[in-house]
Structure formats: structure tokens, C-alpha cells
Protein chains: 2
Amino acid sequence: MNDMKNLTIQDIAEKAGVSIKTVSRVFNNAPNVRQQKRDLVLGVARELGYRPNISARQLASKRSFVLIHFYDNPNMDYLSGIYDGMRAACSEKGYYAVAERLSLHNRSYKDSLLDYLTRSPVDGVILSPPISDDKAVIREIEKRNIPCSLISPGIKKRHCINVFIDEKTAGRKMTEFLIARGHTKLAFISGLDTHTASSQREAGFWSAIEAHGLKRKDMVRIGGDFSMQSGFTAFEKLAKSKTRVTGVFAGNDEMAIGTIIAALRAGMKVPEDISFVGFDDSAFARSMWPPITSLAQPIGEMAGLSAKKLIDWIDTKERAENDFEFPTEIMVRDSCP
Amino acid sequence: MNDMKNLTIQDIAEKAGVSIKTVSRVFNNAPNVRQQKRDLVLGVARELGYRPNISARQLASKRSFVLIHFYDNPNMDYLSGIYDGMRAACSEKGYYAVAERLSLHNRSYKDSLLDYLTRSPVDGVILSPPISDDKAVIREIEKRNIPCSLISPGIKKRHCINVFIDEKTAGRKMTEFLIARGHTKLAFISGLDTHTASSQREAGFWSAIEAHGLKRKDMVRIGGDFSMQSGFTAFEKLAKSKTRVTGVFAGNDEMAIGTIIAALRAGMKVPEDISFVGFDDSAFARSMWPPITSLAQPIGEMAGLSAKKLIDWIDTKERAENDFEFPTEIMVRDSCP
DNA sequence: AAGTCGTTTGACAACGTTGTCAATATTCGT
DNA sequence: ACGAATATTGACAACGTTGTCAAACGACTT
């Protein structure tokens with residue numbers, strides 16, 4: 001149905017007066033092509049507007065030029081950050097970025113993984129939490145000998161690329177920010193405990209408390225599940241508690257929003273009566289009113305580096321470094337100015 | 001790098017004792033294959049776990065088996081609804097669903113469209129608002145003779161499949177819902193005027209006002225831009241207005257959330273002092289507290305039908321019907337019970 | 001000037017499917 | 001029961017790339 005005539009290597013080769021194989025070499029950055037020919041071919045190709053045919057390439061090379069991101073995290077903001085980062089890095093190198101949800105609670109997740117990997121083989125895999133900690137998934141990928149990168153894994157794997165922030169330090173940094181603002185009675189709203197990063201953030205919280213000589217009994221710890229809803233109920237629990245806190249550290253922005261809304265409904269002023277900090281620097285944290293002070297991790301760059309290193313690994317068949325730590329930044333906004 | 005051995009048609013053909021062409025026919029649901037052979041081939045294929053190789057298929061047939069959704073709408077909830085609907089319909093027919101952001105504000109959007117269409121040709125395109133009203137994009141697609149489906153277009157196109165709800169009727173229905181709850185002084189918070197659907201919803205609002213003999217001067221019309229932020233500022237404008245409204249109709253859920261939060265901050269009770277209705281039935285409308293009464297459109301089904309009709313069109317090279325209207329439903333929740 | 005060795009180039013056969021068209025079964029009409 | 005018409009099958013050539021391997025070229029050595 002698509003009527004646009006597509007140029008082939010043949011056309012370029014004829015016009016440039018070289019063999020098709022040389023053109024192929026140029027487009028694959030293969031070694032052993034004289035610079036002069038390389039320029040010639042590139043010039044002709046640009047002039048004619050040639051684009052390699054992916055299918056033929058995949059078929060002949062038995063490579064898919066696809067990196068896939070498996071996720072099971074409903075946070076769209078986080079996902080699109082990853083996707084954008086992957087895309088940018090991929091398209092630069094002629095690869096394609098694909099995202100696929102792999103629900104771990106689904107009985108047949110493994111089948112769908114197998115199915116996916118078999119139907120349209122991928123050259124590299126990126127896993128984000130909580131899948132970056134799923135041993136069964138990692139094993140399947142390893143079994144197929146597919147290069148793999150883990151974003152924020154709880155435990156770093158030697159045979160994978162690991163890309164992460166220091167969650168504990170970040171949690172501590174955020175807590176110290178609250179303390180520096182004069183808050184000495186704090187609440188920590190945790191995420192799911194199965195999410196290793198969440199526990200590490202909490203560890204950072206407690207380490208800050210100890211380091212600054214604050215009393216554990218002035219702190220309230222409430223269990224949440226990362227949802228806005230759990231933020232609402234967290235506030236209710238908070239209101240019932242004997243301790244009157246002035247600062248709340250929510251394990252992510254959605255819970256922060258939920259808690260803030262509940263506080264507003266209860267007639268409290270934010271940040272005058274109670275201050276809030278979140279985690280993730282999501283779009284909603286920015287557009288909430290008051291906007292929420294939140295910890296930003298450069299997720300796009302992290303995904304971009306994942307993709308780039310994965311492609312290097314695929315192309316060269318070896319990996320120089322394994323672990324890449326990224327810095328975080330506190331985005332100060334009105335919920336805790 | 002992917003070491004899994006892949007079966008070919010050849011393998012199946014040999015084991016089943018037929019020609020490769022017959023196997024090909026079976027997998028393409030081609031006519032003129034005796035049922036007995038069809039079953040035989042299918043049986044062997046299942047037994048061996050055969051999967052057709054997509055690249056080879058694409059190369060030989062010059063079809064991509066890809067439907068692409070071009071969007072420029074930051075609402076992730078809406079997007080994933082569309083994606084899920086597409087996916088379901090596509091995988092049923094052996095097609096692939098792809099989503100690509102096409103930013104209209106980006107100077108080079110047209111290049112990236114061309115680039116995309118040329119690099120990996122697609123068999124069908126789905127456009128969602130606001131792109132479903134972009135003449136330049138539609139023209140490019142038409143020029144290539146690619147079947148195209150428009151979701152909620154402002155103006156229906158004869159040579160495209162149009163899938164939509166009756167926005168005006170929906171706007172009217174929602175307004176009448178407020179009126180039936182006893183609200184006679186209302187506010188309407190509009191979306192971007194470039195978004196045709198938004199104007200139509202507003203038209204529905206005013207038609208309900210007239211039909212029920214309410215006075216135009218008891219109504220407040222505030223211009224928003226679909227963002228949560230614009231919901232906050234809308235409430236400020238509302239507070240300044242002479243008219244004290246008891247019911248607010250926000251053009252989408254995000255603005256509804258913004259407005260509700262502003263109202264809560266101002267010390268108002270929702271829904272006792274002021275009731276709210278939104279539009280889109282997004283996840284946030286459901287998880288907000290109070291949960292927001294909102295108008296649900298079956299976006300997943302709409303996208304699914306788009307994909308299905310597109311595939312029919314591609315396969316048969318003709319189109320029976322053009323226009324498909326879907327029903328809407330008011331999801332009654334606590335913000336306006 | 002011939003020999004050697006690495007570098008550059010190209011001819012041709014894959015890759016796993018579908019399209020074309022001719023060959024062979026089957027069914028139908030009389 | 002016999003052609004004629006139709007339904008089913010298969011052989012073989014695409015599709016546009018990359019892999020392989022041998023040939024041609026160059027720069028050095030001697």
C-alpha cells in the first residue's frame with residue numbers, strides 16, 4: 001500500500017561506481033574502506049536520500065537492531081523518561097527502542113517473555129525495577145546470551161550493565177534537607193518493601209536521623225505502596241499518631257500528592273503547618289500546587305547510557321565497565337521551600 | 001548474540017510432507033488450502049513451536065505488518081489506553097503496534113515523520129488529537145497511500161476511518177447531570193481552543209443551559225489548557241468572579257484535579273460546598289480523593305476498532321464503512337455524587 | 001624488480017519468507 | 001463418462017541486505 005519507491009544499495013552502488021558490498025560496509029561503519037570511497041558513497045546516498053531497508057538487514061545479519069525495555073511499573077512518567085532516553089541513544093546508532101510490559105504477577109509472564117524473545121529476537125534488554133531484580137527473568141535472558149542492562153537493581157549483577165543512583169545517600173540527603181529546614185519531627189512514608197530501592201531510601205532516612213542526634217520516637221514510619229491512594233490513608237494514620245510531625249518524606253511523588261491533598265482537606269496549610277518532600281521529580285510533582293520539593297534522578301540519561309553501553313557491548317562483543325552511578329539533585333519547590 | 005535456533009518454513013514443510021508454499025499459505029490464512037492440509041501443517045507447527053520470521057516476511061511481502069500511532073498528547077493515561085487497544089487488535093491478526101510522538105511544535109516534525117515512514121514503512125496509521133486534525137500530516141500519509149484512522153477528529157475525513165464519540169452530546173449530558181443534581185450556577189473550564197473536541201464539549205454545555213432555561217449570566221466560562229496548573233488558576237479566577245457557582249464542569253480530569261485542590265486549599269468542602277465533574281475518566285480521577293465524577297469514553301475499544309478496521313482495509317484493500325461512533329458513560333463518584 | 005604481507009574491493013551465495021505462474025487434482029455439467 | 005471449469009499444489013525466482021572468501025591493490029622489504 002505504501003507507494004513510495006525505495007532506493008536500494010544497488011542504486012547507490014551504481015551511481016557511485018562501486019560494489020554493493022562497499023556501500024554496505026560504509027553503512028555499517030565497517031573497517032577497511034578508503035576514506036575517499038566512504039565520502040563518495042555517503043555523498044551519493046545523501047543526495048538520493050537512501051535509507052537502508054531494516055527487514056533485509058535483519059534477515060541477512062540475523063540481528064534485530066532492537067533494544068527492548070521490560071517493565072512492570074505503572075508510573076508513566078518514569079517510563080516515558082526511560083523511553084525517551086533509550087530512543088535518543090538508539091536512533092543515534094541505528095537501533096530501535098521497544099518497551100514491553102512484563103507483569104510479574106501474571107502467571108504466564110515467562111511465556112510472554114519467551115514468546116517475545118522468540119518471535120522478534122532482540123539484541124539487547126533493559127530492565128527497570130522491579131524487574132531488574134527478578135532472577136528468573138535475568139536467567140532467561142542470560143541463557144540466550146543477550147546483553148542486558150539493569151536500571152536501579154537492588155543487587156548489582158556482574159554479567160550485566162548496572163546503572164543506578166545511590167538510593168541510600170539520596171534518602172539521607174533528602175532527610176538532611178528537611179532537618180536543615182528546622183524539622184525535627186518527621187514522618188517517612190515508605191513504598192513497597194519488595195522494591196529494594198525503597199528500603200534503601202528508608203535506610204538513608206534513619207541514618208540521617210541518627211547522624212543528627214534526633215530521637216527515633218519523634219519519627220513516624222508509615223507503610224505505603226507508591227500509590228496516591230496510599231498517600232491519603234497514610235495521612236489518616238499520621239493524624240491518629242501521637243507524634244505531631246512538621247515534615248513528611250514520601251517515598252515517591254504520588255504518595256506525596258495523596259498525603260498533601262489529605263492534609264489540605266483536613267484544613268492544614270502547606271508548607272506553613274506541614275512540609276512535604278517527594279521522590280522522583282515527576283511531572284505531577286511539578287504541576288501540583290504547591291509544587292513538590294522532590295529528588296530528581298536523571299532517568300533519561302540513565303536509560304540513554306544503558307542503551308549506549310548495550311550497543312557498544314553488542315557491536316564489540318565485549319564490555320569495558322559494568323557499573324555506572326549517577327548523581328541526584330533536590331528540586332526545591334514550595335511544598336518545602 | 002541470540003543463540004536460540006529458529007525453525008523455518010522448510011522444517012515444517014519437510015516434516016508435514018508438503019511444499020513450503022503450502023505452509024506459507026496456511027500461515028497467511030490464504031484461500032485454497034484443503035482443510036486437511038491446513039490442520040496437518042498447523043499441528044506440525046505447533047508441535048515444533050514454529051514462529052514465522054518477521055523480517056523475512058516483511059522483506060518478501062513488502063508489507064511491514066506494523067500499525068503506528070502518532071500522537072502529541074502528553075496524557076499518558078489516554079495514550080496507554082490507545083496502545084492497549086491497538087495491541088490487542090494487532091496481535092490477534094499478527095500485526096505490530098508502534099507508538100511514536102510527533103511533536104507539532106517541533107520544526108522538524110515533518111522530517112521525523114518522513115524519516116519514520118521511509119525507514120520502516122508502516123502499513124497503517126492511527127492519529128489521535130491534536131494530530132488527527134493536522135492537515136499536513138494527513139496529506140503526507142495520503143500521498144503515500146497508507147490507510148489511516150483518525151481518533152476523535154475535529155472534522156471527519158472521507159478518505160480516512162473516523163472513530164469518535166459525540167463530544168457535543170457528551171458535554172451536554174455531563175451538564176445535564178449537574179443540573180439534575182440541582183446545580184443552577186455553573187462554571188465551565190475549557191481546554192485549548194485548538195482542540196476541536198474541547199469546543200464541542202463547550203457547545204454541549206451551552207446547549208444544555210439553554211434547553212433547561214438557565215440564565216447565561218449565572219454561568220462562568222474560564223479558559224484553561226488541559227493542565228493541572230490551569231485548573232489551579234481557574235479556581236482563582238472563579239473566586240474573583242461575582243457569580244458563586246456550586247457546580248464545576250472541567251474540560252478534562254487534570255484541570256478538575258487542579259481546581260479541586262485549589263478549592264480545598266481555600267477551605268471549601270467537596271462536594272458539600274462545590275461539586276466537580278471532569279472528562280476522560282483517567283486513572284487520576286479514580287484515585288483522587290474525593291474520586292472525580294467523570295465522563296468515560298471507551299478509548300481502548302476505539303483504538304481497537306481503529307486497528308481492526310485498518311487491518312481489514314489493508315488486507316482487503318477496501319473499506320466498507322468510514323465512521324464509527326462510540327457511546328460514552330458518566331462514571332459517578334464522590335466529587336459530584 | 002620481485003616477493004611479501006596487509007588492506008581494500010567485489011562476486012556470489014546466503015537469510016526465510018511471499019509472489020507468480022504453471023502443473024496437477026478435483027468437481028461439475030451434460 | 002468426458003471435457004471444461006475450478007480448486008489446490010509446488011518450483012522457482014524475487015525481496016534488499018550481509019557473510020564469506022577470493023582477487024586485486026599497495027606499500028614495504030629485500
Side-chain angles (χ1 to χ4, degrees), chain A residues 1-2 4-41 45 48-65 94 96 118-121 123 314-315 317, chain B residues 1-2 4-41 45 48-66 94-96 118-121 123 314-315 317:
Chain A
M1 308 291 278
N2 186 327
M4 296 306 270
K5 59 191 171 304
N6 276 323
L7 292 165
T8 72
I9 276 198
Q10 189 81 262
D11 301 319
I12 308 303
E14 274 169 19
K15 179 121 182 182
V18 298
S19 76
I20 57 171
K21 185 67 233 209
T22 299
V23 178
S24 169
R25 286 198 180 90
V26 170
F27 275 91
N28 286 284
N29 285 314
N32 301 336
V33 179
R34 227 180 291 278
Q35 190 58 43
Q36 161 209 3
K37 293 222 173 192
R38 199 180 287 276
D39 295 340
L40 172 64
V41 168
L48 269 50
Y50 165 75
R51 300 275 182 203
N53 176 304
I54 305 159
S55 307
R57 217 175 184 190
Q58 292 174 338
L59 180 60
S61 68
K62 296 181 165 184
R63 287 166 56 192
S64 64
F65 296 92
Y96 297 84
T118 309
R119 280 184 88 108
S120 58
D123 289 345
I314 295 163
D315 287 350
K317 306 201 175 211
Chain B
M1 309 290 280
N2 186 326
M4 297 307 270
K5 59 189 172 305
N6 276 323
L7 291 166
T8 72
I9 275 197
Q10 188 82 262
D11 301 320
I12 308 303
E14 274 168 19
K15 179 121 185 182
V18 299
S19 75
I20 57 171
K21 184 68 232 208
T22 299
V23 178
S24 169
R25 285 201 180 88
V26 170
F27 275 90
N28 286 284
N29 286 313
N32 301 334
V33 178
R34 229 178 290 276
Q35 190 59 41
Q36 161 209 3
K37 295 224 171 189
R38 199 180 287 275
D39 295 340
L40 172 64
V41 168
L48 268 51
Y50 165 75
R51 299 274 181 204
N53 176 304
I54 305 161
S55 306
R57 216 174 186 193
Q58 292 174 339
L59 181 60
S61 68
K62 297 181 164 182
R63 287 166 56 189
S64 63
F65 295 93
V66 164
Y95 274 68
Y96 297 85
T118 309
R119 280 183 88 109
S120 60
D123 288 345
I314 294 163
D315 287 349
K317 308 202 175 208

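To find a chain, count down the sequence lines: A is the first, B the second, and so on, and within it residues start at 1. Only heavy atoms go into these numbers, but all of them, side chains included; no hydrogens, no water, no symmetry mates.
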Side-chain (B:N28) to main-chain (B:A30) donor-acceptor, under 3.5 angstrom
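Answer holds: no.
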
Notebook entry, point to check: Between the side chain of A:D123 and the main-chain N/O of A:S64, is any donor-acceptor distance below 3.5 Å?
Noted result: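 Yes; at least one donor-acceptor contact below 3.5 Å.
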
Exercise. Does the side chain to side chain contact (heavy atoms under 4.5 Å, CB included) test come out yes or no for B:I20 and B:E14, once each step is laid out?
Worked result: CA-CA 8 Å; B:I20 57 171; B:E14 274 168 19; over 6 Å; no

Test side chain to side chain contact (heavy atoms under 4.5 Å, CB included) applied to B:R51 and B:L7, step by step | CA-CA 7 Å; B:R51 299 274 181 204; B:L7 291 166; over 6 Å; no

| request: Give the C-alpha distance, both sets of side-chain angles, the deciding distance and a yes or no for side chain to side chain contact (heavy atoms under 4.5 Å, CB included) between B:R25 and B:N32. | output: CA-CA 9 Å; B:R25 285 201 180 88; B:N32 301 334; 5.8 Å; no

Worksheet item: Got B:Q58 and B:I54 here, is their nearest side-chain heavy-atom distance under 4.5 Å?
Response: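 The answer is yes, as the side chains (C-beta and beyond) meet within the 4.5 Å cut-off.
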
Given protein heavy atoms under 4.0 Å, the one-letter contact record of nucleotides 6-19 of chain D, with B base, S sugar-phosphate only and - none, is simply -SBBBB---BBBBB

Practice problem: May I have the step-by-step check of side chain to side chain contact (heavy atoms under 4.5 Å, CB included) for B:R38 and B:T22, ending in yes or no? | Solution: CA-CA 8 Å; B:R38 199 180 287 275; B:T22 299; over 6 Å; no

- prompt: the helix from C:dA1-D:dT30 to C:dT30-D:dA1: angle between its terminal axes, five pairs each, to 10°?
  reply: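 Roughly 30° between the end axes, to the nearest 10°.
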
